[in-house]
Undergrad: 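Have a look at this one before I ask anything.
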Amino acid sequence: MAFLLHSPLTLLIAQLLVIIISARLLGVMARKVHQPLVIAEIVAGILLGPSLLGLVAPTVRDALFPAASLGTLGMLSQLGLMLFMFLVGLEMDLGLLRGRGKAAVLISNAGIVAPFALGAVLAVYIHPILSDPGVPFSSFTLFMGAAMSITAFPVLARILTERRLLRSKVGALTITCAAVDDVTAWCILAFVVSIVRSTGVGHAIWTTVFAVVYILVMLLVVQRFLGRLAARGSDREGLTQNAVAVTFVLLFLSSWATELIGIHALFGAFLMGAIIPREGGFARALAEKIEDVVVIVLLPTFFALSGLRTQIGLLDSASDWLLCALIIVVACLGKFGGSALAARYTGLGWREASALGILMNTRGLMELIVLNIGLELGVISPKLFTMMVLMALFTTFITTPLLQWVYPPEELARTLSEPLHEPPVRAPEGFGVLICVAQGSSGPGLATVAGALLGVARGGDRLYGLQLLRPVERTSSLIDLAPPEDANALAPLLERGAQLGLGVRPLSFVSSAPARDICSVAEVKGVDLVLLGWHKPLLGQALLGGTVHEVLEHAPTEVAVLINRELSAIRKVLVPFHGSLHDQAAARMAARMVAATGTHVTILHFPDAATGPARARADALLRELAEAPQILVIERPAASDHDATEDVISAAIGQDLVIVGAAAEWGLAGTTFGLQRELLLQRCPTSILVVHHREAPRDRGPRIPTAPPGGGLVPPAADQA
């Protein structure tokens, strides 16, 4: 170990390797349970400290993080914090207050006053127990109130983005309240720090005067200069290096000034970011340049340093854990209670008010920054520091599960997919189709299928185009809100739909669980069919595996998957038919195309040896279909599944589309990958539409009508016999 860490540089490199790898590995686990990355980084820091590594391998811990190296690690973490607070300032768009100012200020003030007051009351009780004797009660009380008032704005923005609430009413109000709340809380904290650092009344007065002068200079002089820099500091390739260099110089000067004044360098970095102009993408371009290095390399050093200071072993009695629980309860009661009740007073419903309170109770990284300031100033003891770190970890961890409970997937889908304020129950005479688009290339083919099903759309018909955007692995909401590369994936669908006279209503939002959200939107919109585009699966995955398989299994309605092979028009359709419920759904879909657009349909009937009600319904459906002049039923002799598949592949030549049921006879049931099981999908020369039957809920009737009103085709079966 000594050989590997023989110099300060090799030691620093080893520390960074361990810190980054630990944070990233735990980050993968955090994502699996839908937790923000900051949870993993906080836990990684704690695990590398005396709470775990120091217990199980004290020699390794002492060699990897010797006391002499913590100064270098601390300076690196402070640089990371300065740049991170600059990013936080960039995200503070107070223009969000327009139209929401009154409600946001009221909720934010309640979210500050209530936890501050409860924190001050708690300080009266815990000061004699957890504070060092030399700490003045006034400083301790002010700091506890400020620490209880913090909201983790970056973490909150990230959670809102991942939960797809950022563009909703409650999300927009929450992010506005959090911005106002954090500005207010950091101003309070700056005042508290100046009081703690001051050596007397005169020093405190001078600190206040210098702070006011500094703020005026930043707002009246520096901000105007930055506006000109933003207008001139860009070229076709983005920001010039000179513009970035000038911005960093101003950032470090601002941090230096606030450190000299006595209100900590972080406040200078924060204010510098807050006054950066948003127009023209200047703020976003800056965030893109520095965010990765800050979040991946520099910021984890701060978490590691916080973990080295967190000593869970100091909580060595039941009374200590009871005090920790009391701190958590007071923190949640003040922040959640104050924000939620104020939101309810402004007119929000209980669901929205509760969601806002849960989100405002998120503390995360911002709380750790405050706590480290308090520990460095000597205001809080190591034991209280540990308790407050656990409080920050707990309040951040419970945010996502509580928010999911308050806003379940179905309610989220209802909120996000109703821009037109439509009733969630479909019109009984209409036909609704939800087209899910992941890549723009699949849109025209899906629109062609929808056009064949709807024909000239009637008043009750509804057609939705849904695009689910993948969440970007970024901390900055400025980058998350930037248009992704596939943001226009709906454009080809809308263009083709317009050519066919289809009124496609676009829906788009960020989703980390696409299959679940597709099913939720289908349920909320009350559609009759979910239409998916097929894309090449991952290596070793079934052709109908992954997200497609999940939708097939859990969608509340019929599902069709299009394997598109240059489909431009649907005039001739082939339907292989064994008689399963999936085959019957495929045949009824072809019949709908006949009634809607006059398509010519050929049904290849391969007799099945099964008997009973299911067989009788299949035969009745075939007889009914055979009466239509544009539907030709061809009887094929009994054959093995392999021979029947080969027959279908041969018959597909010259057809525009093959509509096949997702049945085992065609190798389309289950997700097992194999040549024989998915031979039809692999070798068919024409486009294929795989139809999966889903029994309709009894209170909503059949989900796929056999034909538009006036048709006389057999309705789908009412049971699975």
Undergrad: Can you check whether L189 reaches F143 side chain to side chain, under 4.5 Å on heavy atoms?
TA: yes

Undergrad: Please evaluate residues S51 and Q311 with respect to the criterion side chain to side chain donor-acceptor pair (under 3.5 Å), reporting the C-alpha separation (whole Å), side-chain torsions for both, the decisive distance (0.1 Å), and the verdict.
TA: CA-CA 5 Å; S51 300; Q311 306 176 53; over 6 Å; no

Undergrad: Keeping Q35 on the side-chain end and A30 on the backbone end, is there a donor-acceptor pair under 3.5 Å?
TA: no

Undergrad: Quick one: does any side-chain atom of S254 pair with a main-chain N or O of L251 as donor and acceptor, under 3.5 Å?
TA: no

Undergrad: Using side-chain heavy atoms (C-beta onward) and a distance below 4.5 Å, is L250 in contact with F225?
TA: yes

Undergrad: Which atom names give the shortest non-hydrogen contact between S339 and G111, and what distance separates them?
TA: OG-CA, 3.6 Å

Undergrad: Got more than 12 heavy atoms from elsewhere within 6.0 Å of CZ, F397?
TA: no

Undergrad: Just checking W256 against F252, ring centres under 6.0 Å apart?
TA: no

Undergrad: Hey, what's the ring geometry for F248 with F86, parallel, tilted or perpendicular (30° and 60° as the breaks)?
TA: tilted

Undergrad: Of all the heavy-atom pairs spanning V297 and L16, show the shortest one and how long it is.
TA: O-CD2, 4.4 Å

Undergrad: Got a donor-acceptor contact below 3.5 angstrom from the S139 side chain to the V135 backbone?
TA: no

Undergrad: Are any of the side-chain heavy atoms of L216 and V221 separated by less than 4.5 Å?
TA: no

Undergrad: Keeping the roles fixed (side chain from S22, backbone from A44), state whether a donor-acceptor pair exists under 3.5 Å.
TA: no

Undergrad: With a 4.5 Å cut-off on side-chain heavy atoms, are F267 and H264 touching?
TA: yes

Undergrad: May I have the list of side-chain donor-acceptor pairs in residues 360-378 shorter than 3.5 Å, sequence neighbours left out?
TA:
| residue | atom | partner | partner atom | Å |
| --- | --- | --- | --- | --- |
| N361 | OD1 | R363 | NH1 | 2.7 |
| T362 | OG1 | L359 | O | 2.9 |
| T362 | OG1 | T399 | OG1 | 2.9 |
| R363 | NH1 | N361 | O | 3.2 |
| R363 | NH2 | M148 | O | 2.9 |
| R363 | NH2 | A331 | O | 3.2 |
| N372 | OD1 | R309 | NH1 | 2.5 |
| N372 | ND2 | S306 | OG | 2.9 |
| N372 | ND2 | L368 | O | 2.7 |

Undergrad: Is there a donor in the side chain of S317 and an acceptor in the side chain of D320, or the other way round, less than 3.5 Å apart?
TA: yes

Undergrad: Could you give the distance from CD1 (I19) to CD (E41), rounded to the nearest 0.5 Å?
TA: 11.0 Å

Undergrad: Hey, could you give me the CD1/CG distance between I290 and L90, rounded to the nearest 0.5 Å?
TA: 6.5 Å

Undergrad: Considering non-hydrogen atoms only, spot the tightest contact between A230 and P277 and give its length.
TA: CB-CG, 3.6 Å

Undergrad: Rounded to the nearest 0.5 Å, how far does CD1 of I296 lie from CD1 of I20?
TA: 8.0 Å

Undergrad: Does the side chain of F140 reach to within under 4.5 Å of the side chain of I126, using non-hydrogen atoms?
TA: yes

Undergrad: Between S77 and G74, what is the shortest heavy-atom contact and its length?
TA: OG-O, 2.7 Å

Undergrad: Output yes when D181 and K335 qualify as a salt bridge under the 4.0 Å nitrogen-oxygen rule, no when they do not.
TA: yes

Undergrad: Of all the heavy-atom pairs spanning L299 and G80, show the shortest one and how long it is.
TA: CD1-O, 4.3 Å

Undergrad: After noting the C-alpha distance and the side-chain angles of V330 and V121, does the key distance pass the side-chain contact (heavy atoms from CB on, under 4.5 Å) rule?
TA: CA-CA 10 Å; V330 171; V121 172; over 6 Å; no

Undergrad: Is there a side chain to side chain donor-acceptor pair (under 3.5 Å) between T141 and S138? Walk through the geometry before answering.
TA: CA-CA 5 Å; T141 302; S138 58; over 6 Å; no

Undergrad: How about R24 and V28: do any of their side-chain heavy atoms sit closer than 4.5 Å?
TA: no

Undergrad: So, for Q15 and L73, which heavy atoms are closest and what is the spacing to 0.1 Å?
TA: OE1-CD1, 3.7 Å

Undergrad: Side chains of R61 and V56, heavy atoms from C-beta outward: is any pair under 4.5 Å?
TA: no

Undergrad: Between I380 and S131, does the side-chain contact (heavy atoms from CB on, under 4.5 Å) criterion hold? Intermediate values first, please.
TA: CA-CA 6 Å; I380 59 176; S131 177; over 6 Å; no

Undergrad: So, taking the atom named CG in L226 and the one named CZ in F282, what distance separates them when rounded to the nearest 0.5 Å?
TA: 6.5 Å

Undergrad: Is a side-chain donor or acceptor of S69 paired with a backbone partner of F65 at a separation under 3.5 angstrom?
TA: no

Undergrad: Go through it in stages, so that I can follow the logic: the residues are T301 and L305, the test is side-chain contact (heavy atoms from CB on, under 4.5 Å), and I'd like the CA-CA distance, side-chain angles, deciding distance and then a yes or no.
TA: CA-CA 6 Å; T301 62; L305 201 63; over 6 Å; no

Undergrad: Just checking Y125: does its OH atom have more than 12 heavy atoms from other residues, nucleotides or ligands closer to it than 6.0 angstrom?
TA: no

Undergrad: With rounding to the nearest 0.5 Å, note down the distance linking CG in L393 to OG1 in T310.
TA: 9.5 Å

Undergrad: State, with a plain yes or no, whether a side-chain heavy atom of T184 is found less than 4.5 Å away from one of S108.
TA: no

Undergrad: Could you grab the distance from atom CD1 of I188 to atom CD1 of I150, nearest 0.5 Å is fine?
TA: 8.5 Å

Undergrad: Using the rule given for side-chain contact (heavy atoms from CB on, under 4.5 Å), can you reason through L390 versus W321, listing the C-alpha separation, both sets of side-chain angles and the distance that settles it, and then say yes or no?
TA: CA-CA 11 Å; L390 293 178; W321 285 103; 3.9 Å; yes

